[in-house]
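We name chains A, B, ... by the order of the sequence lines, and we start the count at 1 in each one. Values below: all heavy atoms of this structure, side chains included; hydrogens, waters and symmetry mates excluded.
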Amino acid sequence: MNIIVCIKQVPDTSEVRIDPETNTIVREGVPSIINPFDENAIEEALLLREQHGGKVTVISMGPPQAEAALRESLAMGADEAILVSDRCFAASDTLATSYVLSTAIRAIGEYDLIFCGKQAFDGDTAQVPPGIAEQLGIPQITFTIGLEVDGRKVRGRRMLESEFEVVEVRMPALVSVVKQINEPRRPGIKAKLAAKKKEVTIWDSACMDIEPCLCGLDGSPTRVVRTFAPTREIKGEKFEGEPAECAAAVIDRLIGQKII
Amino acid sequence: MAIYIDEPKCIGCEACIPACPYAAIDMVDGIAKFNENCTGCGACAYACPTGAIVLEMARKGEVDTSEYSGLWVVGEITPEGKLHGVTTELLGEGRKLAAELDTTVSVVLIGHHIGELAKTAAGYGADRVFVVDHPTLERYRTQPYTNVLTGLINKHKPEIVLIGATPMGRDLASRVAARIKAGLTADCTELTINPETKLLEQTRPAFGGNVMATILCEFTRPQMATVRPKVMAPQPFDQSHEAEIIDIPVDIDERAIATKIIEIIKDDSGSDVNLTEADIIVSGGRGLGGPEHFALIRELAETLGAAVGASRATVDAGWIPATHQVGQTGKTVHPKLYVACGISGAVQHLAGMSSSDCIVAINKDPDAPIFNVAHYGIVGDLFEVVPAMIAAFKERRGD
């Protein structure tokens with residue numbers, strides 16, 4: 001089975017802040033990680049390979065330093081890693097990103113399954129996986145919390161608002177996974193060292209059949225015009241002391257404001 | 001967007017015919033031809049094995065934005081057959097935006113046996129209701145819904161399309177946007193019309209809620225956005241508000257649908273888990289100490305008429321199913337009241353609930369980060385505070 005996993009290198013969001021003076025995102029000194037949902041995507045691909053054999057290729061679109069995330073996926077056990085990187089991809093929105101990734105996937109050739117994390121931790125859009133599936137013209141199973149493969153059939157258990165839905169599609173298909181689907185393996189020192197010696201293939205736009213007007217700024221119908229820090233001016237009231245009194249005071253305030 | 005048949009490539013296999021939801025393809029002398037029903041939805045292009053059906057995408061600057069008008073809401077129907085709360089919220093918000101643009105609000109309802117809901121949607125503010133009713137559309141599936149919605153958008157050219165940022169909306173919106181090459185902004189929490197440019201300003205949180213971003217779709221139409229449930233306010237239901245109801249005939253072949261629904265599994269934890277729809281949520285965290293103590297959370301939730309939420313730690317520990325998880329790796333919620341019991345307030349949890357209208361936090365640790373976002377904080381043992389809250393509420397209510 002040929003499996004492709006799409007991953008993204010993201011800043012560790014818990015440390016990203018807005019500079020209040022310039023209203024721009026402060027990225028300096030913020031460590032980069034593999035998008036946590038993508039670790040589950042890699043893990044699910046590796047589990048399937050263990051059961052059914054085949055090859056796991058991990059791809060990422062990003063700047064040259066995203067190679068570090070790909071090396072980590074090699075350390076986890078992926079067979080091949082491709083960094084899709086070109087200056088003309090910069091500032092791509094979700095549509096342009098899914099265009100570039102789907103074009104790269106076509107260039108890889110034959111595939112049975114594509115895995116993605118349900119969304120990236122920085123953008124939180126969840127728009128790229130369906131965008132890729134659409135541009136490849138294949139079915140998708142999004143928000144997947146459990147997966148079974150039987151011949152060419154793929155059954156995914158999707159996590160919806162108040163229920164789970166089991167759906168079946170035929171390969172080739174794209175599956176986006178939620179955090180709860182598995183526990184990603186943590187590579188040991190040996191695997192990490194071995195991954196350092198492996199090759200990460202780098203593709204620029206010339207390596208693929210890319211139309212420049214469909215990627216980067218030109219290919220992005222959306223544009224961020226302003227970023228700012230959220231207003232979180234909460235003047236909270238804090239109660240300490242006798243639990244019954246504190247509880248009653250809060251209940252009274254909630255009733256008083258007609259919240260309950 | 002344009003669609004055409006590259007005739008020399010057509011082998012007359014007829015694979016496109018069952019794929020078309022609008023019965024828009026005829027075979028003429030062994031070659032596929034589009035008839036006047038064609039909406040350009042593109043469903044056939046994916047079914048064609050020889051690439052004879054070509055979808056031509058518009059490029060930036062090639063879209064005549066003046067051709068597009070009206071605000072659309074894509075309706076969502078709950079498993080119980082009711083209009084989803086987010087649809088009524090979007091109709092309410094849509095009315096405000098449409099007033100700024102001096103235009104109308106339409107809603108698209110896709111499903112089966114949904115005729116009655118058209119009146120409900122009208123009462124919540126729709127001027128026009130498109131009803132697409134077919135047995136194959138009874139439950140949401142990516143492909144037929146994408147085809148139907150794309151077809152309608154291509155034909156009627158709305159200026160703005162709003163969709164709930166629910167699992168359905170997020171599965172569907174991106175697929176449609178990718179097909180018609182429209183700009184789509186995810187999970188918006190604020191929408192405004194720029195008074196000068198008349199463009200839709202779409203504001204959303206990013207980086208786990210640490211950053212807000214305002215996004216425009218200047219050159220493409222429709223301007224599409226998914227919107228977080230519970231953020232916008234519905235209008236009061238007005239039975240006298242009437243809408244034009246338009247039935248859209250479709251002809252969909254079940255065999256041409258790639259996705260089969262095998263099973264629906266209800267959450268069996270015995271408490272309401274539709275967190276995104278809930279007005280009040282009571283959540284438990286690691287401070288509970290064990291799965292059995294979720295009973296206390298459930299008791300407070302029942303007393304207040306609330307849904308039960310949970311922190312990631314409790315879900316990871318297997319104390320409660322993942323459907324209850326609030327936070328960046330779980331659900332993003334925006335209730336009127338969020339009661340956090342024994343939750344320290346890790347950033348990833350705050351990202352999922354800090355926009356709640358009112359937050360009450362109960363924690364033993366006075367320095368727990370949850371207190372930074374709480375309107376009312378109680379420093380104390382939740383096993384004492386929560387029962388006292390239940391007792392106090394019941395007493396005030398006169399039980």
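- Taking the side chain as every heavy atom from C-beta outward, Q180(A) and Q325(B) approach each other to under 4.5 Å.
- Within the model, atoms OG1 of T125(A) and CZ of R204(B) stand 6.5 Å from one another, a figure rounded to the nearest 0.5 Å.
- Under the 4.5 Å side-chain criterion, counting only non-hydrogen atoms from C-beta, L184(B) is in contact with Q127(A).
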**E163(A) vs I265(B), side-chain contact (heavy atoms from CB on, under 4.5 Å): CA-CA, chis, key distance, verdict** = CA-CA 6 Å; E163(A) 58 192 22; I265(B) 304 157; over 6 Å; no
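- Residue R141(B): no heavy atom, backbone or side chain, is found under 4.5 Å from chain A.
- Heavy atoms of T142(B) lying under 4.5 Å from chain A belong exclusively to its side chain.
- Atoms CZ and CD, from F121(A) and Q348(B) in turn, are 6.0 Å apart once rounded to the nearest 0.5 Å.
- Looking at heavy atoms from C-beta onward, Y140(B) lies out of side-chain contact with E165(A) at the 4.5 angstrom threshold.
- Remark: R226(A) does not engage E201(B) in a salt bridge, criterion side-chain N to carboxylate O under 4.0 Å.
- Residue E242(A) places its CD atom among more than 12 non-hydrogen atoms of other residues, nucleotides or ligands, all under 6.0 Å distant.
- Looking at Y99(A), there are no atoms closer than 4.5 Å to chain B (heavy atoms on both sides), in backbone or side chain.
- One distance of note links CD of Q328(B) with NZ of K179(A); it measures 11.0 Å at 0.5 Å rounding.
- For L95(A) against A178(B), the heavy-atom pair with the smallest separation is CD1-CA, 3.5 Å.
- Closest approach of G183(B) and T222(A) over heavy atoms only: CA-CG2, 3.6 Å.
- In this structure, L337(B) and I260(A) have side chains that are in contact, with non-hydrogen atoms separated by less than 4.5 Å.
- For a residue to count as touching a neighbouring chain, one of its non-hydrogen atoms must lie under 4.5 Å from one of that chain's; by this rule P387(B) does not touch chain A.
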**Request:** With side-chain contact (heavy atoms from CB on, under 4.5 Å) as the test, would you mind laying out the steps for V250(A) and I378(B) before giving the verdict?
**Result:** CA-CA 8 Å; V250(A) 169; I378(B) 301 176; 3.5 Å; yes
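- Within the 4.5 Å cutoff, no side-chain heavy atoms of F393(B) are placed close to those of L254(A).
- Summarising the geometry, atom CD belonging to E395(B) is positioned 11.0 Å from atom CD1 belonging to I251(A); distances are rounded to the nearest 0.5 Å.
- Note: T329(B) leads D187(B), L304(B), I264(B), T329(B) in heavy-atom pairs under 4.5 Å with chain A.
- Between the side chains of Q143(B) and Q140(A), not a single donor N or O lies within less than 3.5 Å of an accepting N or O.
- Counting heavy-atom pairs under 4.5 Å between each of D171(B), V385(B), I261(B), L172(B) and chain A puts D171(B) at the top.
- T259(B) places none of its side-chain heavy atoms less than 4.5 Å from the side chain of E168(A).
- Heavy atoms of other residues, nucleotides or ligands lying less than 6.0 angstrom from NZ of K260(B) number more than 12.
- With a 4.5 angstrom heavy-atom cutoff, A182(B) touches chain A only via backbone atoms.
- Heavy atoms only, all atoms of each residue included: P11(A) and F207(B) are closest at CG-CE2, 3.6 Å.
- Shortest non-hydrogen contact noted between R158(A) and P167(B) is NH2-O, 4.2 Å.
- In this structure the side chain of C358(B) never reaches within 4.5 angstrom of the side chain of Q257(A), judged on heavy atoms.
- For I141(A), no part lies under 4.5 angstrom from a heavy atom of chain B.
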**Asked** Can T203(B) and F228(A) be said to form a side-chain contact (heavy atoms from CB on, under 4.5 Å), step by step?
**Response** CA-CA 10 Å; T203(B) 299; F228(A) 55 101; 3.8 Å; yes
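- Taking each heavy atom of I255(A) and R396(B) in turn, the nearest pair found is CD1-CB, 3.6 Å.
- Contacts between residues 130-139 of chain A and chain B, counted as heavy-atom pairs separated by less than 4.5 Å, involve P130(A), G131(A), A133(A), E134(A), Q135(A), G137(A), I138(A), P139(A).
- V178(A) does not touch chain B: none of its heavy atoms, backbone or side chain, sits under 4.5 Å away.
- Between I259(A) atom CD1 and K336(B) atom NZ the span is 10.0 Å, to the nearest 0.5 Å.
- Only the side chain of V360(B) comes within less than 4.5 Å of a heavy atom of chain A; its backbone N, CA, C and O stay farther away.
- Your options are G380(B), A392(B), G377(B), and the one with the most heavy-atom pairs under 4.5 Å with chain A is G377(B).
- In this structure, K238(A) is positioned above the aromatic face of F371(B), its NZ or CZ under 6.0 Å from the six-membered ring centre and within 45° of the axis.
- In terms of heavy-atom pairs under 4.5 Å with chain A, the best-connected choice from A322(B), A206(B), A361(B) is A322(B).
- Note that CD of E277(B) is 9.0 Å distant from OG of S162(A), once rounded to the nearest 0.5 Å.
- For chain A, the option among R312(B), E384(B), M224(B), R139(B) with the highest count of heavy-atom pairs below 4.5 Å is R139(B).
- For the pair E161(A)/T166(B), a side-chain contact is recorded, criterion being any heavy-atom separation below 4.5 Å from C-beta on.
- Within the 4.5 angstrom heavy-atom criterion, atoms from both the backbone and the side chain of A258(B) approach chain A.
- Proximity to chain B (any heavy atom under 4.5 Å) is shown, for D124(A), by both the backbone and the side chain.
- G330(B) and K118(A) get closest at one heavy-atom pair: O-NZ, 3.7 Å.
- The choice from R170(A), E237(A), Q119(A) that makes the most heavy-atom pairs within less than 4.5 Å of chain B is E237(A).
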